[in-house]
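Count residues from 1 along the sequence. Indexing begins at 1, ligand by ligand and atom by atom, following the structure's order.
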Amino acid sequence: MAAHAPVPMVDLREQYQSLKGEIDASLADVLDRTHFIMGENVGAFEREAAAYLGAAHAIGCANGTDALHLAMLALGLGPGDEVITTPFTFIATAEAIAYVGATPVFVDIDPRTYNLDIARVEAAITDRTRAIVPVHLFGMPCDMDAVGALAAARGLAVIEDCAQSFGATIGGRQSGTLGDIGCFSFFPSKNLGAFGDGGMVTTDDDALADKLRVLRSHGSAVRYHHSVIGYNSRLDEMQAAILRCKLPHIDRYNAERRRVAARYETRLGDLPLRLPPLTAPDGHPELSPVFHQYTLLSSRRDDIMAALKAEDIASAVYYPIPLHRQEAIAGHLTGEASCPVAEQTCERCFSLPVYPELADATIDRIADVVRRAIA
Ligand SMILES: *Cc1c(COP(=O)(O)O)cnc(C)c1O
């Protein structure tokens, strides 16, 4: 029997092939101009991304981790400050809090969305709390109306971690435009991916935008005049050129990811699995997820993943350990975090391949393997 081609978690080759002419030409143009640092493409991409998102300012930086770090610095967070976030996220969310010497305070997640459970946040607020960092995990946006209302009532800043949510909307508005600062990553496998590292911060606040621009470039607004100790965290010109080629297609890419999720649901909906919601769960405003990952829950996760592996189909566990249980974070906690939902989720979650080019026939084959594994 002819073997099927292996199915990866994400296939970046097809997307590049479909835009190859345009991307190669724009890279050749960068090489011709030799304006490699803060060239025309960085400025143009910042304007185009700001227009797409509906943000007053979009400021490129070196990666998504730096975006979060720059946001913490621009808001003046530091030692003694508590920052509330989710334990079910990539480590970078908490690393950025630790970089500035602030204390991460982990609040448990909503089992339906895998996102920070806003209803539990209020009880975690102390007189040291300065900010909330909601993460739009796996491309499912957080209920930013609820976050915004709580933050306004308690005088807290909001930093959105949008690394996995480029193009996701909340009541028609883009993630990254609903807090004080939005933080994006263009890591190659993200929904809008560069061909190397890249990141961006967004804000509507002119003063914060000025601070962010200065911080990302050696604390300097005027060349060789340094007002503060800053960083070397610029978006690379070649990455900006590639991102400009891809940005016009992001809505289509995200629609294709929703197609994949909808097809998984029709093929897996009758099985004893917890599938991610295709739209907002009850009681949430209109949320449009962009399925950076398609993440399910099953007590038979290991059986399913073994069956997939036997068929050369990738699957992965995002994330096996909640952040409050990570060795690196232990020394940064002030108390014992209690996040049983996140812990149970880490024990049962696994993700199936999802990318815009994933064919219906391949989705059906993946679903059949999952079905047989738990039959
Ligand atoms: C990828 C990611 C980051 C970090 O982005 P990098 O560009 O890899 O530094 C931060 N937060 C979340 C939730 C991520 O998925």
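The closest donor-acceptor contact from the side chain of Asp204 to the backbone of Ala56 lies under 3.5 Å.
At a threshold of 4.0 Å, the pair Glu46-Arg216 counts as salt-bridged, since one of the basic side-chain nitrogens sits closer than that to a carboxylate oxygen. Ion pairing between a basic and an acidic side chain is recognised when a charged N comes within 4.0 Å of a carboxylate O; Arg120 and Asp110 show no such pairing.
Near Asn63, the atoms of ligand 1 lying under 4.0 angstrom from a non-hydrogen atom of the residue are 7 (O), 9 (O). Those atoms of ligand 1 with a heavy atom of Thr89 less than 4.0 angstrom away are 13 (C).
Here the options are His69, His218, His226, the test is ring pair (Phe, Tyr, Trp, His ring centres under 6.0 Å), and the partner is Tyr231; only His69 passes.
Taking only nitrogen or oxygen atoms, main chain and side chain alike, Gln164 reaches within less than 3.5 Å of ligand 1. For ligand 1, none of its N or O atoms has an N or O atom of Leu137 under 3.5 Å away. Checking only distances, Tyr319 never comes within under 3.5 Å of ligand 1, N or O to N or O.
Scanning the protein heavy atoms around atom 12 (C) of ligand 1, the nearest turns out to be Ala163 CB, 3.4 Å. Among protein heavy atoms, the minimum distance from atom 11 (N) of ligand 1 is reached at Asp161 OD2, 2.8 Å.
Heavy-atom distances between Lys190 and ligand 1 reach below 4.0 Å in at least one pair.
In this structure, of Ser165, Ala67, Ser185, Pro188, the residue bringing a heavy atom nearest to atom 7 (O) of ligand 1 is Ser185. Of the candidates Thr93, Ile91, Thr65, the one placing a heavy atom closest to atom 9 (O) of ligand 1 is Thr65.
When all heavy atoms of Cys162 and Gly182 are compared, the closest pair comes out as SG-CA, 4.4 Å. Counting all heavy atoms, side chain and backbone alike, Asp197 lies closest to Gln239 at O-CG, 3.6 Å.
With rounding to the nearest 0.5 angstrom, the CZ atom of Phe45 is 9.5 Å from the CZ atom of Arg244.
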